[in-house]
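Data block below; observations after.
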Amino acid sequence: QLQASGGGLVQAGGSLRLSCAASGRTFSSYVMGWFRQAPGKEREFVVAIGRSGGTTYPVDSMRGRFTISRDNAKSTVYLQMNTLKPEDTAVYYCAASDYPIPSTADRVYQYWGQGTQVTVSS
């Protein structure tokens, strides 16, 4: 089970840190990813991190602004979002995959959190 938190309302240029806590004792064996879905749009990949935390794949529009990290001891993955823009407004979802490497494809993620709303005002 995945529980996302940390969303909220922030002004453009601000920052938020999302957290996703996982239950169970096998967190370190999963690739973790963040996705988002804006109103009226399809869900899109944000970034993913490998099992040991050594690999991330931010999409170009978020590279340099969004950073993913994980703490396997706490079974938690984080998404640090800086310099937020109104177009970053969306529901953000964390997801877990037993795929061997991080993937941008949502179909390889077996477990999903409930989502946390991020709203960026202009």
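For reference, positions follow the sequence shown, starting with 1.
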Requested in this report: Can you see which heavy atom on A96 is nearest to which on M32, and at what distance?
Outcome: CB-SD, 3.6 Å
Requested in this report: May I ask whether Y78 and V91 are part of the same hydrophobic cluster, defined by side-chain heavy atoms of I, L, V, M, F, W, Y residues being less than 4.5 angstrom apart, directly or through others?
Outcome: no
Query raised in the report: Y99: what forms a ring pair (Phe, Tyr, Trp, His ring centres under 6.0 Å) with it, not counting sequence neighbours?
Result: none
Report summary line: Smallest heavy-atom separation, S103 atom then A105 atom, equals OG-N, 3.0 Å
Query raised in the report: Does N82 have any side-chain hydrogen bond (donor to acceptor under 3.5 Å, both in side chains) partners at least two apart in sequence or in another chain, and if so, which?
Result: S15, Q80
Report task. Give, for atom OG of S61 and atom NZ of K85, the distance between the pair rounded to the nearest 0.5 Å. Result -> 7.5 Å
**Report entry** CE-CH2 distance between M62 and W34, expressed to the nearest 0.5 angstrom
**Finding:** 13.0 Å
Query - Set of side-chain hydrogen bond (donor to acceptor under 3.5 Å, both in side chains) partners for R36, sequence neighbours left out - result: E44, D88, Y92
Report task. With sequence neighbours left out, write down each residue that passes salt bridge (Lys or Arg N to Asp or Glu O under 4.0 Å) with D106, or none if nothing qualifies. Result -> R43
Query raised in the report: So, do V120 and E87 sit near enough that their side-chain heavy atoms are less than 4.5 Å apart?
Result: no
Report task. Considering non-hydrogen atoms only, spot the tightest contact between A22 and F27 and give its length. Result -> CB-CD1, 3.5 Å
Side-chain atoms of residues 1-13: list all donor-acceptor pairs with protein atoms under 3.5 Å, sequence neighbours left out, distances to 0.1 Å.
none

Report task. Provide the closest heavy-atom pair for P39 versus T89 in the form atom of the first, atom of the second, distance. Result -> CD-O, 4.5 Å
Query - Value rounded to 0.5 Å, distance of OG in S97 from CZ in R107 - result: 10.5 Å
Requested in this report: Kindly indicate whether the side chain of Y109, heavy atoms from C-beta on, has any atom under 4.5 Å from the side chain of V31.
Outcome: yes
Report task. State the CD-CD distance between E42 and Q37, to the nearest 0.5 angstrom. Result -> 8.5 Å
Requested in this report: State the CG-CD1 distance between L18 and I68, to the nearest 0.5 angstrom.
Outcome: 10.5 Å
Report summary line: Between T104 and F35 the two heavy atoms that sit nearest each other are O-CE2, 3.7 Å
Query - Set of side-chain hydrogen bond (donor to acceptor under 3.5 Å, both in side chains) partners for S29, sequence neighbours left out - result: none
Query raised in the report: What's the shortest heavy-atom distance between R51 and N72, and which atoms?
Result: O-ND2, 3.1 Å
**Report entry** Six-ring centre of Y30, R70 cation under 6.0 angstrom, axis tolerance 45°
**Finding:** no
Query - Validation row: V59, F66 side chains within 4.5 angstrom (heavy atoms) - result: no
Report task. With L16 as reference, evaluate T116, L79, L84 under the side-chain contact (heavy atoms from CB on, under 4.5 Å) test and give the passing residue. Result -> L84
